[in-house]
2 protein chains.
Amino acid sequence: MARVSDTRERIMDIAENAILEKGFSATSIDEIIAAAGITKSGFFYHFADKTALAKAILVRYLEREDRIMDGFFERGRELAEDPLQAFLVGLKLFAEAMYDLPAAHPGCLVATYCYQERLFDRDIREMMREGALNWRRRFLAMIDEIEQRYPPNDQVDREALADMINAVVEGGIVMSKTLNDPRSLGDQVMLFRSYVKLLYASREAAA
Amino acid sequence: MARVSDTRERIMDIAENAILEKGFSATSIDEIIAAAGITKSGFFYHFADKTALAKAILVRYLEREDRIMDGFFERGRELAEDPLQAFLVGLKLFAEAMYDLPAAHPGCLVATYCYQERLFDRDIREMMREGALNWRRRFLAMIDEIEQRYPPNDQVDREALADMINAVVEGGIVMSKTLNDPRSLGDQVMLFRSYVKLLYASREAAA
DNA sequence: AAATGACTGTACCTCGGGTACAGTATCGCG
DNA sequence: CGCGATACTGTACCCGAGGTACAGTCATTT
């Protein structure tokens, strides 16, 4: 039909939404193919099994999230020269984007997979690990830059601090979902921002 | 057999471990009954269906977590009179307990359920919400007590701050699992502690 | 001795994740 | 123009998991 199959992408779109909404195992192939308007054979033409689908969606998801995240912090650097200010601006842009989501955050695919992990193979676990380490590296670089100018007001493990934004996002999503409150996620990001501010702000400066 | 069925409890123990390890849907009734040494009929004698089992496990889990959490902060109050210090001691005790876990945290049942939520009914979602609100109330009370003595060094939403510990724990577990690093969770709790310290410590006091 | 609680055993149904494989429509290419 | 590759459809079948239905059993309690 289509030159380069857009059916594959369509399957992934439908499946990703369904997985984020109700989990991987609760998302049946039958419902995906019904929504995509194809047959079961068509599905298995594109993906060897459900796990292959999960893997393909995860790859795409991680790339997309990376680009979005980079966007906020690049914009932060455009708007502020100081590394601390740039980081704080990036965090605020991120938090605002989270506040602007119409409903509770649909959920993080990594967390969704994480809680079904035995379903999946080494590949997927390794990809998720790489994704997390990638975020760590990104934020660690920013933190290092900040620390060159500002001594921290408390002794903290820099790696853990770099991971904290990831943790806060994952935790914020869980809170958002359990409380059914769309604001929770943004709130948590803003609290992390407040922590960074207090951690690096010159002590004589007022809040 | 047993006067008051301990089979029910045994089923719940086995199922809880399995669910935390690999998710709810990946845990089959067949494997549970095999481990418990009973038949399928025996299982359905105790639980109407798999969801009823999930519910029973969640109730027990929430109560247990509550007791454990209360323990740390009660001990904190025993060890320190000042509300801020008591809170910080409680957090440290909690973090240490997390560091002492032999492997990566098995996972939070709430998050596990959260990411399978459409599988479950209103009841379960309401219970998880109540659990989160319960934690919020608990920590909000502590924060209020602290604020009576210490003005915060940054403007923060107190409710969100009370929720943050829950978020940090959930996020820390996800990080612990994706990175396969048992220390992540404790690290995240310690960072939250550092935040509380910076937020309420008198500005002239050194870190 | 009867009733109750805690099961076992057998049989059967549905749904979801596949597997197997033959057939078909469309396209680009030589 | 025909060939092969790509992108599917259709049919049929298998297995495991979540149940349902219900009769039977065996120990304890009253």
Side-chain angles (χ1 to χ4, degrees), chain A residues 1-58 60 112-113 115-121 123-124, chain B residues 1-58 60 112-113 115-121 123-124:
Chain A
M1 297 288 183
R3 285 164 311 235
V4 184
S5 170
D6 59 354
T7 302
R8 199 184 141 90
E9 289 294 313
R10 244 179 48 246
I11 294 172
M12 286 167 69
D13 291 342
I14 291 163
E16 182 175 333
N17 287 329
I19 291 168
L20 286 175
E21 198 194 330
K22 59 193 178 187
F24 182 71
S25 7
T27 300
S28 73
I29 295 178
D30 280 2
E31 90 181 70
I32 295 170
I33 63 180
I38 55 164
T39 62
K40 216 172 182 181
S41 315
F43 176 87
F44 285 105
Y45 172 76
H46 289 290
F47 302 99
D49 51 28
K50 222 183 156 189
T51 305
L53 169 67
K55 210 179 286 189
I57 292 175
L58 181 61
R60 204 181 62 165
T112 307
Y113 284 13
Y115 279 106
Q116 326 231 341
E117 83 180 310
R118 301 284 155 183
L119 276 173
F120 301 123
D121 46 32
D123 276 28
I124 289 198
Chain B
M1 295 293 182
R3 285 164 309 232
V4 183
S5 171
D6 61 351
T7 302
R8 197 184 143 91
E9 289 294 313
R10 247 181 45 246
I11 294 172
M12 286 167 68
D13 291 342
I14 292 162
E16 183 174 332
N17 287 329
I19 291 169
L20 287 175
E21 198 194 331
K22 59 193 179 187
F24 182 72
S25 6
T27 301
S28 73
I29 294 177
D30 279 3
E31 91 182 67
I32 296 169
I33 65 179
I38 54 164
T39 62
K40 218 172 183 181
S41 314
F43 176 87
F44 285 105
Y45 171 77
H46 288 292
F47 303 98
D49 51 30
K50 223 183 157 191
T51 304
L53 169 66
K55 209 180 289 191
I57 292 174
L58 181 60
R60 204 181 61 166
T112 308
Y113 284 11
Y115 279 104
Q116 324 230 345
E117 83 180 309
R118 300 285 155 182
L119 276 173
F120 301 124
D121 47 32
D123 275 28
I124 289 198

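All chains are named by letter (A, B, ...) in the order of the sequence lines, taking the proteins before the strands, and each is independently numbered beginning at 1.
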Taking N or O atoms only and anything under 3.5 Å, show me the protein contacts with nucleotides 9-12 of chain D, one pair per line.
unit_1	atom_1	unit_2	atom_2	d
D/dT9	OP2	A/T39	N	2.9
D/dT9	OP2	A/T39	OG1	2.6
D/dG10	N7	A/S41	OG	3.0
D/dG10	O6	A/S41	OG	2.5

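The two residues B/A15 and B/I57 have their closest heavy-atom pair at CB-CD1, 3.6 Å.
Of the side-chain N and O atoms in A/S25, none sit less than 4.0 angstrom from OP1 or OP2 of C/dG16. Under 4.0 angstrom from either OP1 or OP2 of C/dA6 there lies no side-chain N or O belonging to B/H46.
Remark: A/K50 pairs with A/F24, A/I29 by the side chain to side chain contact (heavy atoms under 4.5 Å, CB included) rule, at least two apart or across chains. In this structure A/D30 satisfies the side chain to side chain donor-acceptor pair (under 3.5 Å) test with no other residue, sequence neighbours excluded. Every side chain to side chain contact (heavy atoms under 4.5 Å, CB included) that B/D13 has, sequence neighbours left out, goes to B/R60. B/Y45 is linked by a ring-ring contact (aromatic ring centres under 6.0 Å, His included) to nothing, counting only residues two or more places apart in sequence or in another chain.
Between A/D49 atom CG and D/dC15 atom P there is a gap of 19 Å when expressed in whole angstrom units. Between B/F47 atom CZ and C/dA6 atom P the separation is 12 Å, expressed in whole Å. Rounded to an integer number of Å, the gap from CZ of B/F44 to P of D/dA21 is 12 Å. Straight-line distance from the NZ atom of A/K50 to the C1' atom of C/dT19: 17 Å, rounded to whole Å. To the nearest angstrom, P of C/dG5 lies 14 Å from CZ of B/R8.
B/Q116 and A/S25 share no donor-acceptor pair across their side chains, judged by distance under 3.5 Å alone.
With contacts defined as side-chain heavy-atom distances shorter than 4.5 Å, the pair B/I32/B/T27 qualifies.
Only A/T27, A/S28, A/I29, A/D30, listed by number, bring a heavy atom of residues 27-34 of chain A to less than 4.0 angstrom from any atom of DNA chain C.
Checked options A/E16, A/H46, A/M12; the residue passing with A/L53 is A/M12 (criterion: side-chain contact (heavy atoms from CB on, under 4.5 Å)).
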